[in-house]
Amino acid sequence: MSSDVVGRPIVAGVDGSDSARHAALWAADEAVRRRVPLRLVFVAHMPMPGYPGGVGLSMDFVAGLRDEGRRLLTELRSAVLDGRPELDLDTVVLTGPPIPTLIAASEPARLMVLGSRGLGGFTGMLIGSTAVALAAHGHCPVAVVRGEDQPPSSGPVVVGVDGSPASETAVAVAFEEASLRGAELVAVHTWNDYASDGSFAAAHAFIADWGVIETREAEKLAERLAGWQEKYPDVTVRRVVTRDRPVRCLLQEAADAQLLVVGSRGRGGFTGMLLGSTSQALVCHAPCPVLVARPTTT
């Protein structure tokens with residue numbers, strides 16, 4: 001990432017779930033790796049006034065939510081600092097709806113980190129709403145830490161490349177991530193032709209020279225990576241070019257990866273779609289942490 005964000009914290013949203021704990025520990029390792037601060041944020045989510053049954057919320061109820069957040073953060077702080085005494089760590093309890101509150105908390109961050117599965121209820125850290133919304137609307141890249149256990153610390157970094165502006169940002173981020181980790185970078189470029197499925201494909205097979213198309217797509221991928229390979233000569237790159245659906249191919253390549261990097265929106269998006277269907281599917285189903293890179297705005 002660019003030098004203008006050096007020193008900005010990594011922010012992790014936590015809610016007391018095992019998934020959020022794994023995300024916080026992953027975020028701590030990332031902060032140590034980058035030598036930047038870590039901020040743990042707990043959002044005390046208040047239901048709408050009068051729900052349920054028309055009963056309003058008392059000040060004691062709100063204070064109880066915040067006290068619970070402080071207790072969880074104190075416990076998590078000890079776990080995060082164990083083995084990481086050099087980490088610059090602070091904790092914050094915020095009050096409000098999780099999504100807009102976390103979007104606001106992402107503004108000063110260089111990276112927002114969330115678990116893939118939360119407790120639900122008042123804490124509200126649910127992958128289907130909070131993480132996808134943050135990936136679409138957050139002010140910085142968003143990492144969703146997936147899996148039942150602590151994420152892997154070995155394996156390649158995988159990036160999806162389609163030539164879109166968001167994809168270009170993803171490539172830049174992926175090269176930096178691979179360099180920081182001393183990991184191989186797997187650059188995946190898929191291509192598809194709707195005439196390749198079923199009888200329609202058979203009827204038009206005579207006009208399709210898949211070998212020529214594959215060569216052309218491989219050349220496109222090489223061109224998109226060339227400058228970054230010069231900037232990061234320490235990164236070994238494996239290129240994957242295939243005629244397949246992007247989600248399926250990226251999930252296969254991510255099976256033994258430590259990180260999957262994707263753009264917030266690909267070439268197939270449309271005006272107003274802030275998170276593409278491929279990125280959203282990977283956030284919800286990838287076997288490893290997913291980093292959704294967002295184009296830099298000025």
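Quick note: numbers below take in every heavy atom, side chains included, and nothing from hydrogens, waters or symmetry partners. Keep in mind that what you see is a predicted model, and the values were worked out from it rather than measured.
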Novice: Taking the side chain as C-beta and beyond, is there a heavy-atom pair between W26 and I10 under 4.5 Å?
Specialist: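 In short, these two side chains do not touch, never coming nearer than 4.5 Å.
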
Novice: Considering all heavy atoms of both residues, which atom of C249 and which atom of V240 are nearest to each other, and what is their separation?
Specialist: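 That closest heavy-atom pairing would be SG-CG1, 4.3 Å.
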
Novice: D234: which residues meet the side-chain contact (heavy atoms from CB on, under 4.5 Å) condition with it, sequence neighbours left out?
Specialist: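 D234: side-chain contact (heavy atoms from CB on, under 4.5 Å) contacts with S179, Y232.
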
Novice: Can you list the residues that meet the salt bridge (Lys or Arg N to Asp or Glu O under 4.0 Å) rule with R33, with sequence neighbours excluded?
Specialist: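 If we apply the salt bridge (Lys or Arg N to Asp or Glu O under 4.0 Å) test to R33, skipping adjacent residues, the hits are E30.
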
Novice: When clusters are formed by joining ILVMFWY residues with side-chain heavy atoms under 4.5 Å apart, either directly or through shared neighbours, do L180 and V32 land in the same one?
Specialist: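 No: no chain of side-chain contacts under 4.5 Å links L180 to V32.
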
Novice: Residues in side-chain hydrogen bond (donor to acceptor under 3.5 Å, both in side chains) with T236, at least two apart?
Specialist: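 None.
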
Novice: Are any of the side-chain heavy atoms of V14 and L72 separated by less than 4.5 Å?
Specialist: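 With C-beta onward as the side chain, the pair stays apart.
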
Novice: Can you name the nearest heavy-atom pair linking A257 to C288, along with the distance?
Specialist: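 Looks like O-CB, 3.4 Å.
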
Novice: Within the side chain of E184, is there an N or O that forms a donor-acceptor pair under 3.5 Å with the backbone of P156?
Specialist: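 Such a contact is absent between E184 side chain and P156 backbone.
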
Novice: Applying salt bridge (Lys or Arg N to Asp or Glu O under 4.0 Å), which residue pairs with at least one partner in residues 72-81 are found, sequence neighbours left out?
Specialist: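 Residue pairs with at least one partner in residues 72-81: R71-E75.
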
Novice: In Å and rounded to the nearest 0.5 Å, what is the CG to CD distance from D15 to E68?
Specialist: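 It is 10.5 Å, given to the nearest 0.5 Å.
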
Novice: State which residues pass salt bridge (Lys or Arg N to Asp or Glu O under 4.0 Å) with E107; sequence neighbours excluded, sorted by chain then number.
Specialist: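 Partners of E107 under the salt bridge (Lys or Arg N to Asp or Glu O under 4.0 Å) test: none.
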
Novice: Specify the closest pair of heavy atoms between P108 and P9, including all atoms of both residues, with the distance to one decimal.
Specialist: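 Minimum heavy-atom contact is O-CD, 3.5 Å.
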
Novice: With sequence neighbours left out, write down each residue that passes side-chain hydrogen bond (donor to acceptor under 3.5 Å, both in side chains) with D67, or none if nothing qualifies.
Specialist: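 side-chain hydrogen bond (donor to acceptor under 3.5 Å, both in side chains) check on D67 returns R70.
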
Novice: A side-chain contact here means heavy atoms from C-beta on lying under 4.5 Å apart; do P287 and L251 qualify?
Specialist: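 The answer is yes, as the side chains (C-beta and beyond) meet within the 4.5 Å cut-off.
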
Novice: Partners of E230 by side-chain contact (heavy atoms from CB on, under 4.5 Å), sequence neighbours excluded?
Specialist: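 Counting only residues at least two positions away or on another chain, E230 forms no side-chain contact (heavy atoms from CB on, under 4.5 Å).
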
Novice: Restricting to side-chain contact (heavy atoms from CB on, under 4.5 Å), what partner residues turn up for A178, sequence neighbours left out?
Specialist: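 Testing A178 for side-chain contact (heavy atoms from CB on, under 4.5 Å), a comparison that skips the adjacent residues, returns V157, L185, V235.
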
Novice: Looking only at heavy atoms, which two atoms of V11 and A109 are closest? And how far apart?
Specialist: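 For V11 and A109, the tightest heavy-atom pair comes out as CG2-CB, 3.5 Å.
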
Novice: On a heavy-atom basis, which atom in L221 and which in R239 lie closest, and how many Å separate them?
Specialist: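 Shortest heavy-atom separation between L221 and R239 comes out as CD2-CB, 3.8 Å.
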
Novice: Judged by atom type as modelled, is there a donor-acceptor pair below 3.5 Å linking the side chain of S106 to the main-chain atoms of I103?
Specialist: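 Checking the backbone N and O of I103 against the side chain of S106, a donor-acceptor pair under 3.5 Å is found.
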
Novice: Assess whether side chain to side chain contact (heavy atoms under 4.5 Å, CB included) is satisfied between T278 and V262, documenting all intermediate values.
Specialist: CA-CA 9 Å; T278 296; V262 293; 5.6 Å; no

Novice: For the side chain of T95 and the backbone of A44, is there at least one donor-acceptor N/O pair under 3.5 Å apart?
Specialist: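 Not at all, since once roles are kept as given, no pair shorter than 3.5 Å links the two residues.
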
Novice: Could I get the full list of salt bridge (Lys or Arg N to Asp or Glu O under 4.0 Å) partners for E217, not counting sequence neighbours?
Specialist: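 Counting only residues at least two positions away or on another chain, E217 forms a salt bridge (Lys or Arg N to Asp or Glu O under 4.0 Å) with K220.
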
Novice: How far apart are the closest heavy atoms of L73 and V92, and which atoms are they?
Specialist: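 That would be CD1-O, 3.5 Å.
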
Novice: Do R84 and L25 make a side-chain contact, defined as non-hydrogen atoms from C-beta onward lying under 4.5 Å apart?
Specialist: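 When only atoms from C-beta onward are counted, L25 and R84 do touch, with a gap below 4.5 Å.
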
Novice: Does CZ belonging to R66 count more than 12 external heavy atoms closer than 6.0 Å?
Specialist: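 Atom CZ in R66 is crowded, with more than 12 foreign heavy atoms closer than 6.0 Å.
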
Novice: When rounded to the nearest 0.5 angstrom, what distance separates CG in L134 from SG in C140?
Specialist: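 That separation rounds to 8.0 Å.
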
Novice: With sequence neighbours left out, what residues match R238 under side-chain hydrogen bond (donor to acceptor under 3.5 Å, both in side chains)?
Specialist: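 Partners of R238 by the side-chain hydrogen bond (donor to acceptor under 3.5 Å, both in side chains) criterion, ordered by chain and then number, come out as E253.
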
Novice: Quick one: are R21 and L76 in side-chain contact, heavy atoms under 4.5 Å?
Specialist: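 R21 reaches L76 side chain to side chain.
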
Novice: Decide yes or no for E177 and L291: does some side-chain heavy atom of the first lie under 4.5 Å from some side-chain heavy atom of the second?
Specialist: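 SC-SC contact between E177 and L291 confirmed.
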
Novice: So if I apply the side chain to side chain contact (heavy atoms under 4.5 Å, CB included) rule between L250 and each of V261, L282, V290, D244, which one comes out positive?
Specialist: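 Only one option passes, and that is L282.
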
Novice: For D90, which residues count as a salt bridge (Lys or Arg N to Asp or Glu O under 4.0 Å) partner, sequence neighbours excluded?
Specialist: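 Scan of D90 (salt bridge (Lys or Arg N to Asp or Glu O under 4.0 Å), adjacent residues dropped) gives R39.
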
Novice: For residues T91 and F42, determine if any side-chain heavy atom of one lies less than 4.5 Å from a side-chain heavy atom of the other.
Specialist: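 Not in contact.
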
Novice: Enter the distance from L111:CG to L38:CG here, rounded to the nearest 0.5 Å.
Specialist: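 Spacing of CG (L111) from CG (L38) equals 10.0 Å.
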
Novice: Hey, could you give me the OG/NE2 distance between S17 and H22, rounded to the nearest 0.5 Å?
Specialist: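 S17 OG to H22 NE2: 9.0 Å, rounded to 0.5 Å.
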
Novice: Report the C-alpha distance between E214 and R243 in whole Å, list the side-chain angles of each, state the deciding distance to 0.1 Å, and finish with yes or no for side chain to side chain contact (heavy atoms under 4.5 Å, CB included).
Specialist: CA-CA 8 Å; E214 184 173 11; R243 179 164 61 96; over 6 Å; no

Novice: Restricting to side-chain contact (heavy atoms from CB on, under 4.5 Å), what partner residues turn up for A23, sequence neighbours left out?
Specialist: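 Testing A23 for side-chain contact (heavy atoms from CB on, under 4.5 Å), a comparison that skips the adjacent residues, returns V113, V145.
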
Novice: Find the distance between CG (L81) and CG (L87) and round it off to the nearest 0.5 Å.
Specialist: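 If I round to the nearest 0.5 Å, the distance is 6.0 Å.
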
Novice: Please confirm whether the backbone N or O of V161 pairs with a side-chain atom of H189, one donor and one acceptor, at under 3.5 Å?
Specialist: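 Yes, H189 side chain to V161 backbone: donor-acceptor pair under 3.5 Å.
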
Novice: Compare all side-chain heavy atoms of R8 with those of V36 and state whether any distance is below 4.5 angstrom.
Specialist: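 Counting from C-beta outward, R8 and V36 never come under 4.5 Å.
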
